[in-house]
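Since the structure comes first, as structure tokens, the remarks are kept for the end.
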Amino acid sequence: MHLNAMALEETEQSLHDSADGRADPEAAERLNRLADSMTETARDIAARARDLSDPGSPRP
């Protein structure tokens, strides 16, 4: 799970970089929103991975 979160964060950065190079501001905004969504997903995955590795943490 940690590797998945790291891969999503790398993809997120790539999307932000791609957005920076767009001449179309609407396309850039869409890419930035998608990248931000991926960041949230990566954080959720990382948190779940931590919970799984911590036997004392409550399960949802």
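The shown structure was predicted, so the numbers you read here are calculated from the model rather than taken from an experiment.
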Result of checking N32, D17, T39, L34 against E12 for side chain to side chain contact (heavy atoms under 4.5 Å, CB included) = T39
Is there a chain of hydrophobic side chains (I, L, V, M, F, W, Y, each step under 4.5 Å between heavy atoms) that links L8 to L52?
-> yes
The reported gap from OG1 in T11 to CE in M38 (rounded to nearest 0.5 angstrom) is 4.5 Å
Point-to-point distance, once rounded to the nearest 0.5 Å, from CD1 of I45 to CD of E40 = 11.5 Å
Given side-chain contact (heavy atoms from CB on, under 4.5 Å), test E9 with Q13 step by step and report yes or no.
-> CA-CA 6 Å; E9 288 176 357; Q13 184 58 51; over 6 Å; no
Answer yes or no: is there a donor N or O on one side and an acceptor on the other, between the side chain of S18 and the main chain of S14, under 3.5 Å?
-> no
